[in-house]
Protein chains: 2
Amino acid sequence: MKNIILDERAKRVLWAVVESYIEKPEPVGSRYIMKKYGFDVCSATIRNIMSDLEDEGFLFQPHTSAGRVPTDLAYRFYVDYIFEEVLKFRSAEVKKIIENLTKKLRKLRNNMNSLFLETTQNLSQATKYLGLALLPETDKTALHRIDFIKFREDSVIAIVVNDKGIVKNKIIRAIPEITQHELNSLADFVNSNYHGKAFDEIREDLLRRLKKEKIYWDKIISKILKICQQALYFSREDLYISGLYNLMYLPDFCDVEKLRQIAKTIQNRHLLIKLFENISDDEEIKIIIGEENPFEELRNLSVIASPYKERGKSLGIIALVGPKRMNYERAIMFVNAFAKSLTNTLSE
Amino acid sequence: MKNIILDERAKRVLWAVVESYIEKPEPVGSRYIMKKYGFDVCSATIRNIMSDLEDEGFLFQPHTSAGRVPTDLAYRFYVDYIFEEVLKFRSAEVKKIIENLTKKLRKLRNNMNSLFLETTQNLSQATKYLGLALLPETDKTALHRIDFIKFREDSVIAIVVNDKGIVKNKIIRAIPEITQHELNSLADFVNSNYHGKAFDEIREDLLRRLKKEKIYWDKIISKILKICQQALYFSREDLYISGLYNLMYLPDFCDVEKLRQIAKTIQNRHLLIKLFENISDDEEIKIIIGEENPFEELRNLSVIASPYKERGKSLGIIALVGPKRMNYERAIMFVNAFAKSLTNTLSE
DNA sequence: TTTAGCACTCCTTATTTTAAAGTGCTAACA
DNA sequence: TGTTAGCACTTTAAAATAAGGAGTGCTAAA
């Protein structure tokens with residue numbers, strides 16, 4: 001992106017156009033801007049400025065003789081502009097949201113399922129956008145306990161509880177010779193050696209041990225440990241999604257084709273998970289506007305995401321998905337507050 | 001419903017109108033019916049018949065000088081009419097679907113999650129309607145194994161595996177004094193006494209035992225057994241839903257308001273679960289057309305549902321939800337075939 | 001550099017027109 | 001008595017036309 005220098009007045013105009021369009025999704029005219037935002041130059045001047053802004057790629061004219069509509073670049077400008085302000089000047093408001101929510105979530109502290117369901121539902125309710133939460137990546141959490149249960153002839157159900165209290169189970173095909181007794185020993189072995197250790201570490205250590213102790217060639221044990229390896233590997237699949245129909249009531253998706261498109265996109269959990277996996281943890285709040293999105297299907301939407309943490313370590317992500325013409329101020333505020341609340345709750 | 005006697009010709013006309021409307025959602029005219037369905041009377045005669053059918057409540061005219069549209073009563077007539085035929089004359093086709101699907105599902109036999117996901121997805125894919133499956137009611141299944149895991153100070157995670165290999169977990173608040181050791185004893189006790197027994201029986205028996213052995217007043221044991229009671233009670237919440245956007249591409253839901261409505265309705269899992277819970281198991285295939293539905297929100301839709309079984313005992317339900325103007329023939333055929341496949345798979 | 005003024009463009013909405021589909025009725029017919 | 005041919009009448013959907021309005025771009029003057 002080339003670095004464009006806009007004078008102060010041009011910035012004010014741009015800001016006003018975006019603000020106005022977010023408020024009401026209609027092309028914005030020069031006279032309207034002048035009056036509504038108290039400019040003391042006449043509309044023709046505003047017109048010139050808007051024309052310049054269009055040349056610079058910030059505004060777009062649906063047709064000659066129509067007002068202007070912000071481009072993605074304009075939203076980006078707007079967001080960068082208000083971002084600091086939101087967090088600074090609305091901190092009291094944020095604090096209050098955090099307090100109330102934390103109080104609510106505290107009760108669900110031990111039940112991750114309810115905790116995240118409640119979070120996404122509230123997030124969507126508060127903003128009327130789509131609320132999302134990606135559960136902590138199991139691989140990065142620690143083992144609380146594992147159990148193996150023989151099921152029918154040739155299967156083993158592995159039940160893994162991590163230190164967040166999330167229970168996962170996996171059905172593993174196994175040779176019929178394995179007995180429940182052997183499985184119990186295996187569980188005991190893993191539980192006593194690896195309780196509290198991260199899953200990726202455990203898998204590595206198991207592999208090391210296998211090689212070192214030369215039991216690699218003992219068929220049965222090797223098979224058992226392979227079960228274990230399988231049981232301890234998790235793909236990321238726990239995404240909570242709330243409030244699709246909230247999106248469907250927005251004026252931005254007011255025709256049949258758009259509604260179908262959005263329902264199809266949001267139904268695609270896989271895509272959303274991939275999106276959130278790729279968001280780095282180092283930013284407090286990540287904002288992806290329209291075309292900035294790596295995924296084609298999401299390019300007419302904006303995403304506000306923030307990691308939630310436990311003792312400074314990022315666990316997962318909560319996010320809002322809404323139209324590009326989003327109330328960014330409110331959205332940022334809420335995502336921020338909700339992520340903080342979740343962090344508080346999990347760190348208690 | 002009053003019992004109306006239609007002569008053979010009137011029935012043929014009614015049938016033709018419904019068939020035609022299902023094929024293309026446009027009011028059906030008398031001339032069209034005459035030509036397309038090979039009546040050898042002239043259109044005026046058909047017109048008279050259609051007028052009679054309207055008086056009887058089978059047809060509806062959007063406005064004078066428009067063709068006729070079937071009412072719910074007409075669909076009901078149509079379905080009753082073709083029902084037997086479908087199962088009889090298309091049994092070869094059904095057989096083939098069952099064979100193919102059973103082959104596919106067999107591999108997922110031990111993994112209920114995948115099994116039902118695959119089923120609903122295929123069902124929706126094949127019909128372009130909404131595919132649904134209600135998991136076996138846990139209460140009616142049998143205990144395979146239970147485990148209690150102490151989690152943090154004041155919680156216990158109960159992990160229950162039933163005889164279908166479905167794993168459920170529950171977080172239970174408990175007094176901090178309980179140790180993992182005690183919980184293990186409890187699990188051992190339950191597993192050795194109740195393995196293979198139905199959950200509702202187990203709960204009852206536990207209660208009886210409590211009273212008989214006069215340990216009711218021992219606080220600790222009483223508390224532990226209460227945990228157990230809680231762990232063994234399940235509300236029905238596992239509903240698989242696939243293909244919402246398939247519905248959204250149908251001409252029946254071609255305007256914004258209808259799309260919003262349907263998304264909102266389908267998102268309401270609770271409602272759908274209630275609907276399916278109330279469907280009795282004794283019918284092979286239950287068809288609910290429009291106004292027949294007990295729930296207001298579903299009255300512009302039709303539902304085709306069928307229980308799947310294990311050794312003759314009904315476990316749960318699979319279903320299709322689509323527009324009233326549904327291809328009932330195809331829908332009935334597929335629901336029937338899919339339920340049978342599932343039954344085969346589970347009974348193997 | 002800014003402003004007033006004005007012609008021009010394009011969209012939106014309402015109105016009218018036209019064509020087509022289909023009915024309902026009447027009178028004749030078998 | 002049921003069926004048919006014929007025709008006037010409704011109503012809608014689509015196309016054409018007209019009116020209104022919002023907003024621009026440009027020019028010339030301040």
Side-chain angles (χ1 to χ4, degrees), chain A residues 5-14 16-21 23-71 74 251 254-256, chain B residues 5-14 16-21 23-71 74 251 254-256:
Chain A
I5 293 151
L6 299 174
D7 64 33
E8 210 45 51
R9 197 174 56 179
K11 281 186 188 171
R12 270 183 67 210
V13 171
L14 179 52
V17 172
V18 178
E19 186 86 353
S20 163
Y21 191 72
E23 198 179 300
K24 197 151 66 74
E26 277 164 22
V28 185
S30 54
R31 211 175 122 78
Y32 181 81
I33 287 294
M34 181 200 77
K35 291 200 140 183
K36 180 80 178 275
Y37 291 88
F39 284 89
D40 43 9
V41 291
C42 93
S43 67
T45 309
I46 306 274
R47 250 191 322 274
N48 289 331
I49 298 171
M50 283 167 89
S51 176
D52 293 345
L53 286 170
E54 185 169 7
D55 293 340
E56 302 289 359
F58 288 103
L59 297 178
F60 163 75
Q61 216 172 3
H63 53 86
T64 24
S65 91
R68 258 92 173 188
V69 163
T71 61
C254 61
D255 72 73
V256 175
Chain B
I5 293 150
L6 299 174
D7 64 32
E8 210 45 52
R9 197 173 56 178
K11 282 186 188 171
R12 269 184 66 211
V13 171
L14 180 52
V17 173
V18 178
E19 185 86 354
S20 162
Y21 192 71
E23 197 179 301
K24 196 149 69 73
E26 277 165 21
V28 185
S30 53
R31 209 175 125 77
Y32 181 82
I33 287 293
M34 182 200 77
K35 290 203 141 181
K36 180 82 178 276
Y37 292 87
F39 283 87
D40 44 9
V41 289
C42 93
S43 68
T45 308
I46 306 273
R47 255 196 312 277
N48 289 332
I49 299 170
M50 284 167 89
S51 177
D52 294 344
L53 287 169
E54 185 170 7
D55 293 340
E56 301 290 359
F58 289 103
L59 296 179
F60 164 76
Q61 214 173 5
H63 53 86
T64 25
S65 91
R68 259 94 173 186
V69 164
T71 62
C254 61
D255 72 74
V256 175

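Values below: every heavy atom of this structure, side chains too, minus hydrogens, waters and symmetry copies.
F60(A) places its CZ atom 14 Å from the P atom of dT24(D), with the value rounded to the nearest Å. If you measure from atom CZ of F39(B) to atom C1' of dT3(D), you get 15 Å, rounded to the nearest angstrom. Spacing between atom CD1 of I49(A) and atom P of dT24(D) amounts to 12 Å, rounded to whole angstrom units. Rounded to an integer number of Å, the gap from M50(A) CE to dT2(C) C1' is 17 Å. Rounded to whole angstrom, the span from the CD1 atom of I33(A) across to the C1' atom of dT24(D) amounts to 15 Å. Rounded to a whole Å, the CG atom of D40(B) is 18 Å from the P atom of dG2(D). Whole-Å rounding puts the K36(B) NZ to dG22(C) P distance at 13 Å. Taking atom CD1 of residue I46(B) and atom P of nucleotide dC25(C), one finds them 18 Å apart after rounding to whole Å.
Electrostatic pairing of K24(B) and E19(B) does not count as a salt bridge here, judged by no charged N lying under 4.0 Å from a carboxylate O.
Between V28(A) and S20(A), the shortest heavy-atom contact is CG2-OG, 3.6 Å.
The shortest distance between the side-chain N/O atoms of T64(A) and the OP1/OP2 oxygens of dT24(D) is not below 4.0 Å. For R9(A) and dT2(C), the shortest distance from a side-chain N or O to OP1 or OP2 is below 4.0 Å. Between dT4(D) and T45(B), a contact under 4.0 Å exists linking OP1 or OP2 to a side-chain N or O.
The base of dG22(C) has none of its N or O atoms less than 3.5 Å from a complementary donor or acceptor on the side chain of R31(B). A donor-acceptor contact under 3.5 Å is not formed by the side chain of S65(B) with the base of dT23(C).
Candidate nucleotides dT4(D), dG6(D), dC10(C) were compared by shortest atom distance to the side chain of H63(A), and dC10(C) ranks first. For V41(B), taking side-chain heavy atoms from C-beta onward, the closest of the listed nucleotides dT4(D), dT23(C), dT11(D) is dT4(D). Of the candidates dT24(D), dT23(C), dA5(D), dA5(D) carries the atom nearest the A44(B) side chain, counting heavy atoms from C-beta on. The side chain of Q61(A) lies closest to dT24(D) when the candidates are dT24(D), dT4(D), dT9(C). For R47(B), the side-chain atoms get nearest to dT23(C) when compared with the rest of dT2(C), dG5(C), dT23(C).
R12(A) forms a cation-pi arrangement with F39(A), by the criterion of a distance under 6.0 Å to the ring centre and an angle within 45° of the ring axis.
Taking the nucleotide of DNA chain D with the nearest heavy atom to each of P62(B) and N48(B), the more 5' of the two is matched to N48(B).
S30(B) comes within contact range of the sugar-phosphate backbone alone, with a heavy-atom separation under 4.0 Å but no base atom that close.
At distances below 3.5 Å, at least one donor-acceptor pair connects side-chain atoms of T71(A) with backbone N or O atoms of G57(A).
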Query raised in the report: Would S30(B) and R47(B) count as a side-chain hydrogen bond (donor to acceptor under 3.5 Å, both in side chains) if you check the C-alpha gap in whole Å, the side-chain angles of each, and the deciding distance to 0.1 Å?
Result: CA-CA 5 Å; S30(B) 53; R47(B) 255 196 312 277; 3.3 Å; yes

